[in-house]
> 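Quick one: this structure, given as structure tokens, is what I'll be asking you about.
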2 protein chains.
Amino acid sequence: MPFPSRFKHCPNCGAAVDYRVPPDDNRERAVCPGCGAIHYQNPLNVVGTLPVWEADGRVLLCRRAIEPRHGLWTLPAGFMELGETTAGGALRETQEEAGADVEMGPLYTLLNVVRVGQVHLFYRARLRSTAFDPGPESLEARLFHEAEIPWDEIAFKTTRETLHRFFDDRRRGQGFGPHEIDIA
Amino acid sequence: MPFPSRFKHCPNCGAAVDYRVPPDDNRERAVCPGCGAIHYQNPLNVVGTLPVWEADGRVLLCRRAIEPRHGLWTLPAGFMELGETTAGGALRETQEEAGADVEMGPLYTLLNVVRVGQVHLFYRARLRSTAFDPGPESLEARLFHEAEIPWDEIAFKTTRETLHRFFDDRRRGQGFGPHEIDIA
């Protein structure tokens, strides 16, 4: 997944845009020769949770029913929407993708995925129940002990890094985030 | 500043878009009846720093030379750009707006400004020098002791909240973030 594709037309009036550096700016932007609007494209946030069943320390993963990475495992996460907070979006994605009932905790990882123009934010979450109800984006939702994690079938580096940090932190009994990680 | 204005035309082909809920989605999106593209609009990140001159504890503010809030004071911050990390963007804004030489520290505040669809991320930063060189977006860049902060002339709630938290944390000698704050 590369950067979002560049605007060819003005979302305001439909005219073909030019790319040039506007006055008082230092980067090329899509500038409309028709209505004069300047259109910016910026990184997007992906928000999710690291849900833990504290009775035995297992973590919740979802198996993707959609592309990309159909059939692989991920922490519940998705694009943050207008009208919500980062934690609110992470909770919504956890409900939508896993049907899980969680109590939200603090921010745990902030991962910059520069190549695709994304920032991934994962929150710690405490599962209140082990009853799940995966939505249409998930084939299944399941709890895993550390030794059971399907490391070769993890969908995204940001899930992999977040899980690694969590198990490391837990072994050392300290340092529970937040961790800032840049993904190459 | 309300939400970003809704797309009227397709940025891909220029046709007028419809607003409807695409298959496998649960929100209205701009859908192009011409080329079939679906266009999403999502919250944007504003990244900045809380630069401190540790010799005497003063913090750096910039007086805005641009709208909105021309003439008012702000921590150095601006929209995160494609191709950079959150901390990288915060450093760039600090250099562009204040011409300040800083060593970046950890994330200090994450503020959700839901009403305008923005997430503001401020990093702690240690000033290496008190020589500043404000760019075209700033009228001046200046160091302030806590007692000198022009509270009635602060441009944005996210700057105000970040400063309040910092002075509170410093007084108590603990809890140096990160703080997650939702702005009403």
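Letters A, B, ... mirror the listed sequences (proteins, then strands); counts begin at 1. Predicted model only: the values in this text are computed from it and were never measured.
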> Sort by residue number and list every residue of residues 26-39 of chain A having at least one heavy atom under 4.5 Å from chain B.
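Residues of residues 26-39 of chain A touching chain B at under 4.5 Å: N26(A), R27(A), R29(A).
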> Using non-hydrogen atoms and a limit below 4.5 Å, what part of residues 91-100 of chain A faces chain B?
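Listed by number, the contacting residues are R92(A), E96(A).
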> Rounded to the nearest 0.5 Å, what separates atom CG in N45(B) from atom CG in L121(A)?
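N45(B) atom CG to L121(A) atom CG measures 7.5 Å (nearest 0.5 Å).
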> Measure the CD-CG distance between E84(B) and D182(A) for me, rounded to the nearest 0.5 Å.
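E84(B) atom CD to D182(A) atom CG measures 11.5 Å (nearest 0.5 Å).
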> Transitive ILVMFWY cluster of V17(A) at side-chain heavy atoms under 4.5 Å: who else is in it?
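Its cluster partners, ordered by chain and number, are F7(A), Y19(A), F7(B), V17(B), Y19(B).
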> State plainly whether one hydrophobic cluster holds both L60(A) and Y108(A), where clusters connect Ile, Leu, Val, Met, Phe, Trp and Tyr through side-chain heavy atoms under 4.5 angstrom apart.
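Result: no, two separate clusters.
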> Are V102(B) and V46(B) linked, directly or through other ILVMFWY residues, by side chains that come within less than 4.5 angstrom of each other?
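No, it is not one cluster - the side chains of V102(B) and V46(B) are not joined through contacts under 4.5 Å.
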> Sort N12(B) into side chain, backbone, both or neither according to what part of it lies under 4.5 angstrom from a heavy atom of chain A.
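Backbone plus side chain of N12(B), per the 4.5 Å heavy-atom cut-off to chain A.
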> Taking C10(A), G14(A), P11(A), A16(A) one by one, which has the highest count of heavy-atom pairs under 4.5 Å against chain B?
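If we count pairs closer than 4.5 Å to chain B, P11(A) comes out on top.
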> What do you reckon, is CG of D56(A) surrounded by more than 12 foreign heavy atoms closer than 6.0 Å?
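For D56(A), atom CG is crowded (more than 12 foreign heavy atoms under 6.0 Å).
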> Starting at SG of C13(B), measure out to NE2 of H9(A) and round the result to the nearest 0.5 Å.
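Spacing of SG (C13(B)) from NE2 (H9(A)) equals 6.5 Å.
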> Under a 4.5 Å cutoff for heavy-atom pairs, which residue among I66(B), D24(B), L110(B) has the most contacts with chain A?
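Highest number of pairs under 4.5 Å: L110(B).
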> Mind checking the CD-CG spacing from Q118(B) to N42(A)? Nearest 0.5 Å is all I need.
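Spacing of CD (Q118(B)) from CG (N42(A)) equals 10.0 Å.
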> Taking L143(B) as the starting point, is it possible to reach W73(B) by hopping between hydrophobic residues whose side chains are less than 4.5 Å apart?
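No.
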> Do you reckon L50(B) sits in the same ILVMFWY cluster as I183(B), going by side-chain contacts under 4.5 Å, direct or chained?
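Yes, same cluster.
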> Considering only heavy atoms, give the residues of residues 124-131 of chain A separated from chain B by less than 4.5 Å, sorted numerically, with 'none' for an empty result.
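Result: none.
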> Quick one: closest heavy-atom pair of G117(A) and L82(B), and the distance?
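Heavy atoms of G117(A) and L82(B) come nearest at CA-CD2, 3.9 Å.
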> Select, from E81(B), M80(B), E180(B), the one with the greatest count of heavy-atom pairs under 4.5 Å involving chain A.
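Heavy-atom pair counts peak at E81(B).
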> Any chain of hydrophobic side-chain contacts (each under 4.5 Å) joining F167(B) to I154(B)?
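As far as the 4.5 Å side-chain criterion goes, I154(B) and F167(B) are connected within one cluster.
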> What part of P43(A) is in contact with chain B, defined as an atom under 4.5 angstrom from a non-hydrogen atom: side chain, backbone, both or neither?
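Both backbone and side chain of P43(A) come within 4.5 Å of chain B.
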> L44(B), V119(B), T86(B): which one forms the most heavy-atom pairs within less than 4.5 Å of chain A?
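Looking at each of L44(B), V119(B), T86(B) in turn, T86(B) comes out on top.
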